[in-house]
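Structure first, then comments.
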Amino acid sequence: MADTYYDVLGLSRKPSKDDLLLGYMQLACKWHPENHGNSAEAVEKFRLVGEAFCVLYDSKARFGYDKSLATNPEGEKARRLGMTLEKTL
């Protein structure tokens, strides 16, 4: 399992907006539930890819997310991944 939203999208910690969009589009197509018979795994991966993109593409949300990573070097999973979008905005 990926540790951060950057890992979810397969990106470095300093991706450009174009890299974020490309990574999102590739993974969204790959994990779209309709391509996997609406399996629970595909639904969850598709949701996570979308969540990662929403947080990282929005500059304000990304700043807050990056700040939470910097203040949490132990990698507490709840703060690194699976943050709700509302908490980052």
Side-chain angles (χ1 to χ4, degrees):
M1 176 175 237
D3 289 330
T4 68
Y5 286 141
Y6 296 102
D7 297 331
V8 168
L9 297 177
L11 300 170
S12 69
R13 292 287 174 103
K14 299 289 181 189
S16 67
K17 291 271 189 174
D18 289 339
D19 290 340
L20 282 166
L21 185 57
L22 181 61
Y24 166 73
M25 293 298 291
Q26 290 174 339
L27 290 170
C29 288
K30 177 180 179 178
W31 289 109
H32 195 282
E34 289 180 0
N35 297 334
H36 297 276
N38 289 314
S39 74
E41 177 188 19
V43 169
E44 178 59 21
K45 287 186 179 188
F46 185 75
R47 182 202 62 78
L48 188 56
V49 165
E51 184 177 310
F53 175 74
C54 286
V55 170
L56 297 178
Y57 200 76
D58 179 270
S59 299
K60 185 177 177 182
R62 183 174 172 183
F63 177 80
Y65 179 71
D66 287 343
K67 188 175 178 181
S68 76
L69 290 177
T71 59
N72 188 26
E74 288 79 35
E76 183 181 333
K77 197 176 254 187
R79 294 199 39 165
R80 294 179 62 110
L81 184 62
M83 300 173 62
T84 61
L85 186 57
E86 295 81 29
K87 288 183 183 177
T88 62
L89 296 177

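The analysis underlying the following values was restricted to heavy atoms, covering all of them including side chains, and did not include hydrogens, waters or symmetry mates.
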**OP:** Measure the spacing between CG of Leu69 and NZ of Lys67 and express it to the nearest 0.5 Å.
**Re:** 12.5 Å
Which pairs would a plain distance check flag for residues 16-25, meaning a side-chain donor or acceptor within less than 3.5 Å of a matching protein atom at least two apart in sequence or in another chain?
residue: Ser16; atom: OG; partner: Asp18; partner atom: N; Å: 3.4
residue: Ser16; atom: OG; partner: Asp19; partner atom: N; Å: 3.0
residue: Ser16; atom: OG; partner: Asp19; partner atom: OD2; Å: 3.3
residue: Lys17; atom: NZ; partner: Tyr57; partner atom: O; Å: 2.2

Original post:
Which heavy atom in Leu9 sits nearest to a heavy atom in Ala52, and how many Å separate them?
Top reply: CG-CB, 4.0 Å
**OP:** Compare every heavy atom of Pro33 with every heavy atom of Ala42, then report the nearest pair and how far apart it is.
**Re:** CB-CA, 4.1 Å
Original post:
Can you tell me how far CH2 of Trp31 sits from NE2 of His36, rounded to the nearest 0.5 angstrom?
Top reply: 5.0 Å
Original post:
Of all heavy-atom pairs between Asn35 and Cys29, which one has the smallest distance, and what is that distance?
Top reply: ND2-O, 2.8 Å
**OP:** Scan side-chain atoms only and decide if Asp66 and Tyr6 contain a donor-acceptor pair under the 3.5 Å cut-off.
**Re:** yes
Original post:
Does anything in residues 25-42 pair up under salt bridge (Lys or Arg N to Asp or Glu O under 4.0 Å), and if so which pairs, sequence neighbours excluded?
Top reply: Glu41-Lys45
Subject >> CG on Asp58 to OH on Tyr65, rounded to 0.5 Å >> reply: 14.5 Å
